[in-house]
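In what follows, every chain begins at residue 1, and chains take the letters A, B, ... in the order their sequences are listed.
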There are 4 protein chains.
Amino acid sequence: MKHHEQARNKSIEHIKLTALGLFSTQGFAQTSIRKIAKEAGISLGLLYNYFPSKEALLQAIFQQGLADIQASFVLEKVQNPKKRFANYVRQTFQMIQEKRAFWRLLHSIRMQSSIMTLLQTETELTQSFIIQQLSELLTDLEIPDTPSKALLLFATIDGISNHYLLDENYPIMEVGELLIQQYISKP
Amino acid sequence: MKHHEQARNKSIEHIKLTALGLFSTQGFAQTSIRKIAKEAGISLGLLYNYFPSKEALLQAIFQQGLADIQASFVLEKVQNPKKRFANYVRQTFQMIQEKRAFWRLLHSIRMQSSIMTLLQTETELTQSFIIQQLSELLTDLEIPDTPSKALLLFATIDGISNHYLLDENYPIMEVGELLIQQYISKP
Amino acid sequence: MKHHEQARNKSIEHIKLTALGLFSTQGFAQTSIRKIAKEAGISLGLLYNYFPSKEALLQAIFQQGLADIQASFVLEKVQNPKKRFANYVRQTFQMIQEKRAFWRLLHSIRMQSSIMTLLQTETELTQSFIIQQLSELLTDLEIPDTPSKALLLFATIDGISNHYLLDENYPIMEVGELLIQQYISKP
Amino acid sequence: MKHHEQARNKSIEHIKLTALGLFSTQGFAQTSIRKIAKEAGISLGLLYNYFPSKEALLQAIFQQGLADIQASFVLEKVQNPKKRFANYVRQTFQMIQEKRAFWRLLHSIRMQSSIMTLLQTETELTQSFIIQQLSELLTDLEIPDTPSKALLLFATIDGISNHYLLDENYPIMEVGELLIQQYISKP
DNA sequence: AATGAATGAGACTTCATTCAT
DNA sequence: TATGAATGAAGTCTCATTCAT
């Protein structure tokens, strides 16, 4: 019984990983279920045993991807505000490099409302979670916090990430350091 | 002679406009040629009289869209650097609001390499053109210009635009003003 | 008036010639009416002024082509039988070379019954005309004439023609001489 | 496992046979994939499960058809040259009657270069194989063998076949006997 | 006489999904 | 659990033909 469950989980993980890879490089719409099954080395039918639809597969990938991200984002409370801010930015960009496939998928479909409605619940939570964190960081830096300021910082981080996702050779960490300077060296 | 030309041009413009609207709201892949023809009130065949393929239609839309953009982007040489910078940012966000449909289309497909290869020529020129302008603006502001600094500014502008394109109610001009402050109030 | 008629005839001839060229090299089904009009340098509408349908155009081409052929086929009555036979064969292969385009068209569609029904009247006449001529030639050569003998000779000539039409470099005249020998040197 | 394979093979053979029949009577271009599927009693999609394109289906039919033909063509080495020649001709025409559908298809598309390029590899081999056999037969008959002589014989056989393929009531065997006489009764 | 805009049926092909084994 | 045969709707594109100008 337990053996079965393990095998099942392994298969599921394998499928999700394969699908994520394909979605990320070829796009969600351009990736057929057949391709995924073939690449994963399983049959079409088995894939449908685990995921009742292509969209369900996407949802499963998102659920896990977002959970992973939130897990990475524990604000270190101990340090001084500037260090905390710097670490946060570095951690973020580090994570985006590590989870590049997932982030590419997210950025490539987030403008397709027909798909995003499926993922609304998951993503909205994450989004407000991030805005909340940025807001706290700014407050700690004694920057008079207005909602717009958090939006600007968020847009900047998101823009840098986006350019890195578009171009693997983008100097994300270098630009990240510049961003840190910009916020820390305030008079 | 003239009559045919007029009818032709009117049809072509009408088709491009309709297609841009649909591509922008529903996505390129999700918009069928049939939907475009129906929405434009013409037959499927007529569309193919003017555009030999769906991709050719996209290319035509892009050609015109990018030309429009470049036309909007004449740097005003006369003013002092700070004003010039402020105006540039305001102009940019103004234009993105005016050409929202086109920008949404661009942002929604730029991660799909299979499509982007078709548009490479057009987009690459525009991209380097923008980076060049930003670089000049920074130099004029007496900010020691490094490539990364222009990249950071570009990413910020792009990120703000992106968030506005994702959410029509995003306070783009407000965040824009904050961005201007950030670069102008440097000691 | 007369001027108009001449212009009209010139146009008609031009269209038929252009269409024959395209039908011959690309095939009847593969050649669109549009291609013909464009290649002939006229408008789609004008072509339809002269020919009410694609099939009518084909019929017109056939009518003229077969008339041309029959005109070429006047048996020279004056000579001795062997010379007459030899000349006939040479004339035939000569003509096939001269009217290669038309013959290619004929051979390429004669197995498509859907098209051939349109041309039945024209082709059947020509076919029996040829068989009749071959029959006469064989009688004159004092070869005991049976229907099958004419059929064999016809098949041979047709086979050689066919291979020449399939391959422009086929030594049609050389094989023709061999054929002549075969029938003339009979004991 | 075995069940799937059987179903698969049965389907594939059934489709190829149905398609050959339709291609042969209606022509390749005139036969739509939908017609084939309907006639075969299967869905359109299933056909595409087995053959990735209409052209691939044609290729598969050709591959098998030509293999069948070559298998039929084993020269009987044991007899005297005249008998061997006679048997060869009879066998050939016998086979053409048995595989009439395939031969009609071949003869109906061999002038369409756009299609023939797909089949080049397969057909060229068969063609030179036949010419080689004819050449040997002529040599054995002590007919001074020149390349043209084999070409003439080939053209004759091909011409007879062609006329039989055009008209099911053509007396192919009778004409065949005449052809045999022609080559055997040489002084 | 001449143009080409406009039509719509039909062709090939893809793909998510179901189901018997 | 696992397979892949089977389905059919929908997509892109072609083309002969009509008609207003």
Side-chain angles (χ1 to χ4, degrees), chain A residues 3-5 7-8 11 29-38 42-57, chain B residues 1-12 29-37 41-57, chain C residues 3-5 7-8 11 29-38 42-57, chain D residues 1-12 29-37 41-57:
Chain A
H3 185 67
H4 275 172
E5 246 174 66
R8 182 184 168 89
S11 256
Q30 285 74 37
T31 304
S32 71
I33 290 281
R34 232 190 192 77
K35 241 188 267 176
I36 298 171
K38 186 172 252 177
I42 63 169
S43 72
L44 215 49
L46 186 54
L47 198 155
Y48 272 90
N49 265 8
Y50 294 139
F51 304 96
S53 73
K54 193 182 179 185
E55 288 165 355
L57 173 54
Chain B
M1 195 78 75
K2 206 161 222 170
H3 176 261
H4 275 157
E5 243 174 69
Q6 276 177 5
R8 182 184 175 88
N9 286 336
K10 197 185 143 203
S11 261
I12 289 184
Q30 285 74 37
T31 304
S32 74
I33 290 279
R34 187 164 259 114
K35 243 187 266 178
I36 298 171
I42 62 168
S43 72
L44 221 125
L46 184 57
L47 200 155
Y48 275 94
N49 263 10
Y50 297 134
F51 303 98
S53 72
K54 193 183 180 184
E55 287 169 355
L57 172 55
Chain C
H3 185 67
H4 275 171
E5 246 174 66
R8 182 185 167 91
S11 253
Q30 285 74 39
T31 304
S32 71
I33 291 280
R34 231 191 191 77
K35 244 190 264 176
I36 299 171
K38 186 173 251 177
I42 63 169
S43 72
L44 215 51
L46 186 54
L47 199 155
Y48 271 91
N49 265 8
Y50 295 138
F51 304 97
S53 74
K54 192 184 180 183
E55 286 165 357
L57 173 55
Chain D
M1 196 77 74
K2 205 163 225 171
H3 176 264
H4 275 159
E5 244 172 68
Q6 278 177 4
R8 182 184 175 88
N9 287 336
K10 198 185 143 203
S11 260
I12 288 184
Q30 285 73 37
T31 305
S32 73
I33 291 279
R34 186 164 257 112
K35 244 188 265 177
I36 298 172
I42 62 167
S43 71
L44 223 120
L46 183 56
L47 201 155
Y48 275 91
N49 263 11
Y50 297 134
F51 303 98
S53 73
K54 194 182 179 185
E55 288 169 354
L57 172 55

Trainee: Under a 3.5 Å cutoff on both atom distances, Watson-Crick or G-U, what's the dot-bracket for DNA chain E ([ ] crossing, | other strand)?
Mentor: .||||||||||||||||||||
Trainee: In whole angstroms, how far is the P atom of E/dA11 from the CD1 atom of D/I36?
Mentor: 11 Å
Trainee: Nearest whole Å is fine: how far is E/dC15 C1' from A/L57 CG?
Mentor: 15 Å
Trainee: With D/N49, which residues qualify under side-chain contact (heavy atoms from CB on, under 4.5 Å), at least two apart?
Mentor: A/R34, D/L46
Trainee: What are the two closest non-hydrogen atoms of B/Y48 and B/S53, and how far apart are they?
Mentor: CE2-CA, 4.0 Å
Trainee: With no hydrogens and no angle check, is any side-chain donor or acceptor of C/K35 less than 3.5 Å from a backbone partner on C/Q30?
Mentor: yes
Trainee: How close or far is atom C1' of F/dG4 from atom CD1 of D/I12, stated in whole angstroms?
Mentor: 12 Å
Trainee: What residues, two or more places apart in sequence or in another chain, satisfy side-chain contact (heavy atoms from CB on, under 4.5 Å) together with B/F51?
Mentor: B/I12, B/I15, B/K16, B/L47, B/L57, B/A60
Trainee: Check A/T31 against A/K54 and note the closest heavy-atom contact, atom names and distance.
Mentor: O-NZ, 2.8 Å
Trainee: Who passes side-chain contact (heavy atoms from CB on, under 4.5 Å) against A/K38, sequence neighbours left out?
Mentor: none
Trainee: Can you build the contact string for nucleotides 12-19 of chain F? Use B for base contact, S for sugar-phosphate-only contact, and - for no protein heavy atom under 4.0 Å.
Mentor: BBB-SBB-
Trainee: Over how many whole Å does the gap from A/L47 atom CG to F/dA5 atom P extend?
Mentor: 17 Å
Trainee: Can you measure A/Y50 atom OH to F/dT1 atom C1' for me and round it to whole angstrom units?
Mentor: 7 Å
